[in-house]
Amino acid sequence: MTDWITTPVEPHLLRGALEVERTAHGVLPHRLPAWARQQWPDDYLSMVESQPSGVRLVFRTRATAVELDTLPTKTVYEGAPPQPDGVYDLVVDGRFTARAGVAAGNVRTIDLATQAIVTRPGPPGTLRFGGLAAGMKDIEIWLPQTETTELIALRTDAPVETAPDRGRRVWLHHGSSISHGSSAEGPTETWPALAAARGGVELINLGFGGNALLDPFTARAMRDTPADLISVKIGINLVGHDLMRLRAFGPAVHGFLDTIREGHPTAPLLVVSSVLCPVHEDTPGPGAPDFSSGTLRFTALGDPKDPGRLTLNRIRDELARITAARAADDPNLHYLDGRVLYGEADHAELPLPDALHPDPAGHRRIGERFAERVFGAGGPFAVRDD
């Protein structure tokens with residue numbers, strides 16, 4: 001019999017969340033604050049912001065066994081193959097140590113054609129990590145990046161202490177489903193998590209599947225979030241939703257960057273365009289799911305001859321122009337063409353399985369490239385001597 005010590009899951013034990021909501025079961029981490037969540041009518045965004053990509057429990061303990069009761073909400077796409085259960089990654093003293101899942105939970109069914117969402121309630125479950133080495137250690141439990149996760153109870157066989165501040169820089173990133181990590185094998189294997197580990201920084205991941213849309217409330221949330229390094233990845237969702245035309249795009253980018261700069265006037269700020277996505281390079285949206293091959297793939301439905309509609313190449317040209325103009329008065333603003341992270345040669349070697357998202361090997365490639373180009377020597381997020 002184990003003499004368990006139950007520790008309430010309080011906000012000070014969580015990193016990577018902007019807010020923590022009290023629920024009937026426990027606590028629910030959010031990646032956008034309540035005031036921002038009131039400014040959209042979109043159930044899909046409500047779902048993805050509550051999926052805790054980059055959120056982790058962090059504490060110090062001598063425990064050799066850890067249990068966590070959770071209530072996950074799993075996602076099923078109508079007509080698509082079942083999604084694998086989300087996983088929780090255990091990191092001990094900075095090293096990936098184990099992975100476990102919770103089979104129980106709610107089930108959310110989404111119709112991709114209509115975006116209709118129906119949720120069926122289910123029971124909570126428990127994951128357990130045992131056989132840990134004795135002695136004081138830093139524990140991180142990274143939550144599933146694709147499952148809304150209510151945290152009910154944390155149990156250990158030794159007392160829990162608050163982890164000290166190690167003085168690492170905080171990297172705040174915003175992007176689309178690739179940044180969210182929708183196709184990564186686990187929460188520590190999304191490309192931002194991989195890049196953060198290599199860069200030695202604390203990650204706050206505001207990658208929202210389908211929702212990197214230059215929303216003003218996201219810019220304001222970023223403005224108000226303490227951070228040392230900031231990046232925004234812009235392109236694929238604007239094209240996929242066919243959300244705006246070229247005339248509206250430029251002012252929207254300026255407004256988004258202006259708002260971030262209100263709270264972070266001198267922090268290194270990196271604008272990143274989309275990685276290569278052949279279906280949308282020169283063809284506008286809207287994008288649409290395609291099941292004609294028997295598996296889920298995405299296709300573009302727009303007219304390539306319409307000069308006012310956005311494509312990835314048009315967006316890259318405009319982002320390069322905007323950042324170059326602004327950099328004349330903002331030396332800490334930088335631009336990175338996303339095809340440096342994943343381009344033609346990478347696509348030939350590691351094609352996008354659904355024509356939109358990279359596979360796990362693609363996530364590793366993008367994370368390694370980002371760490372090298374951005375955190376490495378001479379990069380915009382490199383450690384400065386001054």
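Keep in mind it's a predicted model, so treat the numbers as computed, not measured. Along the sequence shown, residues carry numbers from 1.
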For this session: Please determine if Arg31 and Glu49 form a salt bridge, counting it only when a charged side-chain N lies under 4.0 Å from a carboxylate O.
Result: no
For this session: Kindly assign one of parallel, tilted or perpendicular to the pair Phe298 and His357, based on the angle between their ring planes and the thresholds 30° and 60°.
Result: perpendicular
Exercise. Under a 4.5 Å cut-off applied to non-hydrogen side-chain atoms, are Asp85 and Val102 in contact?
Worked result: no
Exercise. Hey, is Glu281 close enough to Arg316 for a salt bridge, meaning N to O under 4.0 Å?
Worked result: yes
Seminar exercise, completed: To the nearest 0.5 Å, atom NZ of Lys74 lies from atom OG1 of Thr146 at 8.5 Å
Problem set entry | Distance-only side-chain donor-acceptor flag, His180 / Gln51, under 3.5 Å | yes
Problem set entry | Side-chain heavy-atom pair Arg37, Glu21 within 4.5 angstrom cut-off | yes
Problem set entry | Donor on one side chain, acceptor on other, Thr73 and Thr148, under 3.5 Å | no
For this session: Determine whether Trp40 and Ser46 make a side-chain contact, defined as any pair of heavy atoms from C-beta on separated by less than 4.5 Å.
Result: yes
For this session: Measure from the side-chain N and O atoms of Thr218 to the backbone N and O of Pro216, and report whether any donor-acceptor pair falls under 3.5 Å.
Result: no
For this session: Examine the side chains of Glu19 and His30 and answer whether a donor and an acceptor come within less than 3.5 Å of each other.
Result: no
For this session: Quick one: list whatever passes salt bridge (charged side-chain N to carboxylate O under 4.0 Å, His left out) with Glu78, sequence neighbours left out.
Result: none
Problem set entry | Heavy-atom pair of closest approach, residues Pro72 and Glu147 | CB-OE1, 3.4 Å
Exercise. Is the shortest side-chain N to carboxylate O distance from Glu349 to Arg365 below 4.0 Å?
Worked result: yes
Exercise. Any sub-3.5 Å donor-acceptor pair from Arg169's side-chain atoms to Phe381's backbone N or O?
Worked result: yes
Problem set entry | His280: ring-ring contact (aromatic ring centres under 6.0 Å, His included) partners, not counting sequence neighbours | none
For this session: Hey, could you give me the CG/CG distance between Leu45 and Asn211, rounded to the nearest 0.5 Å?
Result: 4.0 Å
Exercise. Any chain of hydrophobic side-chain contacts (each under 4.5 Å) joining Val27 to Ile141?
Worked result: yes
Seminar exercise, completed: Heavy-atom closest pair (Ala104 atom, Pro123 atom, distance to 0.1 Å) is CB-O, 3.2 Å
For this session: Please answer whether the main-chain N or O of Ala212 pairs with a side-chain N or O of Asn237 as donor and acceptor at a distance below 3.5 Å.
Result: yes
Seminar exercise, completed: In terms of heavy-atom contacts, Gly235 and Ile315 come closest through O-CD1, 3.7 Å
Exercise. Looking only at atom types and distance, does a side-chain atom of Asp93 sit under 3.5 Å from a main-chain N or O of Lys137, one as donor and one as acceptor?
Worked result: no
For this session: Kindly compute the distance separating CG (Leu13) from CD (Glu161), expressed to the nearest 0.5 Å.
Result: 11.5 Å
Problem set entry | Spatial distance of atom CD (Glu344) from atom NE2 (His347) [nearest 0.5 Å] | 8.0 Å
Exercise. Okay, side chain of Gln145, backbone of Ala184: is any donor-acceptor separation there less than 3.5 Å?
Worked result: yes
Exercise. Is it true that a side-chain atom of Glu140 and a backbone atom of Val91 form a donor plus acceptor pair closer than 3.5 Å?
Worked result: no
For this session: Tell me, with the steps shown, if Thr126 and Asp69 meet side chain to side chain donor-acceptor pair (under 3.5 Å).
Result: CA-CA 4 Å; Thr126 300; Asp69 294 341; 2.5 Å; yes
Exercise. Do NZ/NE/NH1/NH2 and the carboxylate oxygens of Arg56 and Asp89 come within less than 4.0 Å?
Worked result: no
For this session: Would you mind reporting whether Thr225 and Ile230 have side-chain heavy atoms less than 4.5 Å apart?
Result: no
Exercise. Is Leu214 linked to Leu243 within one hydrophobic cluster, defined over Ile, Leu, Val, Met, Phe, Trp and Tyr using a side-chain heavy-atom separation of less than 4.5 Å?
Worked result: yes
For this session: Determine the minimum heavy-atom distance between Ala288 and Leu301, stating which atoms define it.
Result: CB-CD1, 3.7 Å
Exercise. Is a donor on one side and an acceptor on the other found under 3.5 Å between the side chain of Glu150 and the backbone of Thr70?
Worked result: no
For this session: Show your reasoning for whether side chain to side chain contact (heavy atoms under 4.5 Å, CB included) applies to Met222 and Val232.
Result: CA-CA 10 Å; Met222 297 181 73; Val232 291; 3.7 Å; yes
Problem set entry | Aromatic ring proximity Trp142/Tyr88, centre distance under 6.0 Å | no
Exercise. Are Arg314 and Asp282 close enough for a salt bridge, meaning some N to O gap below 4.0 Å?
Worked result: no
For this session: Taking the side chain as every heavy atom from C-beta outward, state whether Val107 and Thr119 have any pair of such atoms under 4.5 Å apart.
Result: no
Seminar exercise, completed: With sequence neighbours left out, the residues meeting salt bridge (charged side-chain N to carboxylate O under 4.0 Å, His left out) with Asp157 are none
Exercise. What's the shortest heavy-atom distance between Arg22 and Pro11, and which atoms?
Worked result: NH2-CD, 4.1 Å
Exercise. Does any N or O in the side chain of Arg220 come within less than 3.5 Å of the main-chain N or O of Ile260, such that one atom is a donor and the other an acceptor?
Worked result: no
Exercise. Are side-chain N/O atoms of His363 and Glu189 paired as donor and acceptor at under 3.5 Å?
Worked result: no
Problem set entry | Distance-minimising heavy-atom pair for Gly343 and Asp346 | N-OD2, 2.8 Å
Exercise. Going by heavy atoms in the side chains, are Leu14 and Val55 under 4.5 Å from each other?
Worked result: yes
Problem set entry | Cluster link Ile234 to Tyr342, ILVMFWY, side chain under 4.5 Å | no
For this session: Decide, yes or no, whether a salt bridge links Asp354 with Arg297 under the criterion of side-chain N to carboxylate O below 4.0 Å.
Result: no
Exercise. Considering residues at least two apart in sequence or located in another chain, which fulfil the salt bridge (charged side-chain N to carboxylate O under 4.0 Å, His left out) criterion with Arg168?
Worked result: Glu202
Exercise. More than 12 heavy atoms of other residues, nucleotides or ligands under 6.0 Å from CZ of Arg128: is that the case?
Worked result: yes
Seminar exercise, completed: To the nearest 0.5 Å, atom CZ of Arg369 lies from atom CG of Leu194 at 14.0 Å
Side chains of residues 265-278: which donor-acceptor pairs under 3.5 Å do they make with residues two or more places apart or in other chains?
| residue | atom | partner | partner atom | Å |
| --- | --- | --- | --- | --- |
| Ser273 | OG | Tyr335 | OH | 3.1 |
| Ser273 | OG | Gly338 | N | 2.9 |
| Ser274 | OG | Ile236 | N | 2.9 |

For this session: Could you verify whether a donor N or O on one side chain and an acceptor N or O on the other, from Asn205 and Ser53, lie under 3.5 Å apart?
Result: yes
Problem set entry | Residues forming a ring-ring contact (aromatic ring centres under 6.0 Å, His included) with His173, sequence neighbours excluded | Trp171, Trp191
Exercise. Within a reach of under 6.0 Å around CZ of Arg95, are more than 12 heavy atoms found that belong to other residues, nucleotides or ligands?
Worked result: no
For this session: Any chance you could measure Thr188, atom OG1, to Leu90, atom CG, to the nearest 0.5 Å?
Result: 10.0 Å
Exercise. If you group Ile, Leu, Val, Met, Phe, Trp and Tyr by side-chain heavy-atom gaps below 4.5 Å, do Leu312 and Leu246 land in one group?
Worked result: yes
Exercise. Are side-chain heavy atoms of Leu310 and Met244 found at a separation under 4.5 Å?
Worked result: yes
Problem set entry | ILVMFWY network linking Phe217 to Leu172, side-chain heavy atoms under 4.5 angstrom | yes
Problem set entry | Under 3.5 Å donor-acceptor, Thr156 side chain and Pro159 backbone | no
Exercise. Do the side chain of Asp329 and the main chain of Arg326 share a donor and acceptor less than 3.5 angstrom apart?
Worked result: no
Exercise. Would a 4.5 Å heavy-atom cut-off, applied to side chains only, mark Arg309 and Asp242 as touching?
Worked result: yes
